[in-house]
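Throughout, a chain's letter reflects where its sequence line sits, starting with A, and its residues are numbered from 1.
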Protein chains: 2
Amino acid sequence: MRTRDENKELIVREKALEMLVLQGLDGFSMQKLAKAAGVSPATLYIYYQDKEDLILKLGIQEGKRLSEATLKNFSPEMSFADGLKIQWINRSGFWLENKQSYDLFELLRNSTYREKIFAAINVEFRAIMGQFVRNAIQKEELIPLTLEVYWSIAFAPLHNLIRFHNDGRSVGGRPYTFSEKDMWEMFALVLKALKP
Amino acid sequence: MRTRDENKELIVREKALEMLVLQGLDGFSMQKLAKAAGVSPATLYIYYQDKEDLILKLGIQEGKRLSEATLKNFSPEMSFADGLKIQWINRSGFWLENKQSYDLFELLRNSTYREKIFAAINVEFRAIMGQFVRNAIQKEELIPLTLEVYWSIAFAPLHNLIRFHNDGRSVGGRPYTFSEKDMWEMFALVLKALKP
DNA sequence: CAAATATAAATGAACGTTTGTTTATTTTAC
DNA sequence: GTAAAATAAACAAACGTTCATTTATATTTG
């Protein structure tokens, strides 16, 4: 029995990610991917059921990488300030080092694949995050607001700063490059808003 | 000379928006649009130069509507708190009443059309927003931080709350529906963070 | 140890459809 | 009657996917 060329599979994944990020969902095609990866179109159908399956598997793979990076050194038992800080370090670190993953996520979030990608997000990850917030409220480290308001203040600003950076520009087209200084200034303000 | 059927043009725009939002950029096609709008494919090429032109014009049209809605009752001379409050009212109002516009924007932002859409954003709009922030800093209603940090704290939380609402769910899949109560609770926290 | 067998991997070429766009023609309001 | 609007029909190119076939390797056999 012939063995599968794992390296070939890897190149397909890399080229698919690259092509999706650079050319968008409408610029992506199986034939173009096959050509870019140096394989026959038919080979793609050995690795994946169809085009949707390929895109979904790619999205889920990157999602798992993000989940794992986000949970590094993190525990839901931490104080809110400590936990939040680690989350910021992990998320900004991952996003800055994995621009393509970030872009793919933003792409799929606003596509028809959204529901299916979402359904595949690690249940464990969701549970841990939920527990972290409940603990913080119980320990009275958080003013009792709805989870959605917390989350929007705790993470949306960071996410937005990263977006400015990845876009290369911010409000009104101003060129922008991320800096740790900016991040920690912002972190202090977020804590100021959220602390009782 | 035969007159152009304005109503036909309107239906084309409506169906295009609907199709883009529902089926995504990769699910959108000129032939499908023509069929949905009850028009010949060739008619689309009387209205628009090509497919890109159609999508761009649609995006720019919705962008203008957002700009106009955002500037309603707003002046860059306002105090920071007042100006921010009006911005929140305007933006949340528009996004909640125009879910399709919101979705289209998110779609195009993460596509290859991004640059071109961005370039078309009202120069006047950018200038007004820039002036507003400069005024606020000068009047010492804002701690002197970079514009990007301000912006990320001042607007990203609201944007995120609207996204939770438009997605129908928030963190970990929790069902979520927007409420003014949530918004104003959040607004108070944002002001708390930004005020000296 | 080497030849034969089995079987999944991999392929190039092709399938029928759909794509964006154009052409030649007809319709319609002034 | 004129001229733009609108069309049906067609175009080549690209699409996702499948086909019949070849290639490579792990296992079986002598």
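Closest contact between the side chain of Arg4(A) and the listed nucleotides dT18(D), dA9(C), dT22(C) involves dA9(C). Taking the side chain of Val39(B) as heavy atoms from C-beta on, and the options dG12(C), dT17(D), dT7(D), the nearest nucleotide is dT7(D). Looking at the side chain of Pro41(B), the nearest of the listed nucleotides dT21(C), dG16(D), dA10(C) is dT21(C). Set against dA26(D), dT22(C), dG16(D), the side chain of Thr3(A) has dA26(D) as its closest nucleotide. Among the nucleotides dT22(C), dA10(C), dC15(D), the one closest to any side-chain atom of Gln31(A) is dC15(D). Distances from the side chain of Ile46(B) to the nucleotides dA10(D), dT7(D), dT17(D) place dT7(D) closest. Minimum atom distance to the side chain of Lys32(A) is reached by dC15(D), of the listed dT21(C), dA6(D), dC15(D). Considering only the side chain of Tyr47(B), dA6(D) comes nearest among dG20(C), dT22(C), dA6(D).
Rounded to a whole Å, the OH atom of Tyr48(B) is 14 Å from the P atom of dA5(D). Rounding to whole angstrom units, CD of residue Glu6(B) and C1' of dA5(D) are separated by 12 Å. Atom P of nucleotide dG16(D) and atom CE of Met19(A) are separated by 10 Å, given to the nearest angstrom. In this structure, Glu9(B) places its CD atom 16 Å from P of dA4(D), rounding to the nearest Å. Residue Met30(B) contributes atom CE, which lies 14 Å from atom P of dT7(D) at whole-angstrom precision. Per the geometry, CG belonging to Asp26(B) stands 11 Å off P belonging to dG20(C), to the nearest Å. With rounding to whole Å, Lys35(B) atom NZ is found 14 Å from dT7(D) atom P. Remark: C1' of dA14(D) and CG of Leu33(A) are 15 Å apart, rounded to the nearest angstrom.
Counting distance only, with no hydrogens placed and no angle test, the side-chain atoms of Ser40(B) and the base atoms of dA8(D) include a donor-acceptor pair under 3.5 Å. Put simply, the side chain of Arg2(B) and the base of dA4(D) share no donor and acceptor less than 3.5 Å apart.
In this structure, Lys139(B) places its NZ atom where more than 12 heavy-atom neighbours from other residues, nucleotides or ligands lie under 6.0 Å away.
Screening Phe94(A), Trp95(A), Phe187(A), Phe74(A) against Trp88(A) for a ring-ring contact (aromatic ring centres under 6.0 Å, His included) leaves a single residue, Phe187(A).
Residues Arg169(A) and Glu115(B) are paired through a salt bridge, judged by an N-O separation under 4.0 Å between the basic side chain and the carboxylate.
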Quiz prompt | Audit row: Gln131(A), Asn135(A), side-chain hydrogen bond (donor to acceptor under 3.5 Å, both in side chains) steps and yes/no | solution = CA-CA 6 Å; Gln131(A) 192 57 51; Asn135(A) 288 349; 2.9 Å; yes
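Residue contacts shown for Thr43(A) include a base, since a base heavy atom lies under 4.0 Å away.
Here the side chains of Met183(A) and His165(A) are not in contact, with every heavy-atom distance at 4.5 Å or above.
For dT18(C), the OP1/OP2 oxygens have no side-chain nitrogen or oxygen of Ser29(B) closer than 4.0 Å.
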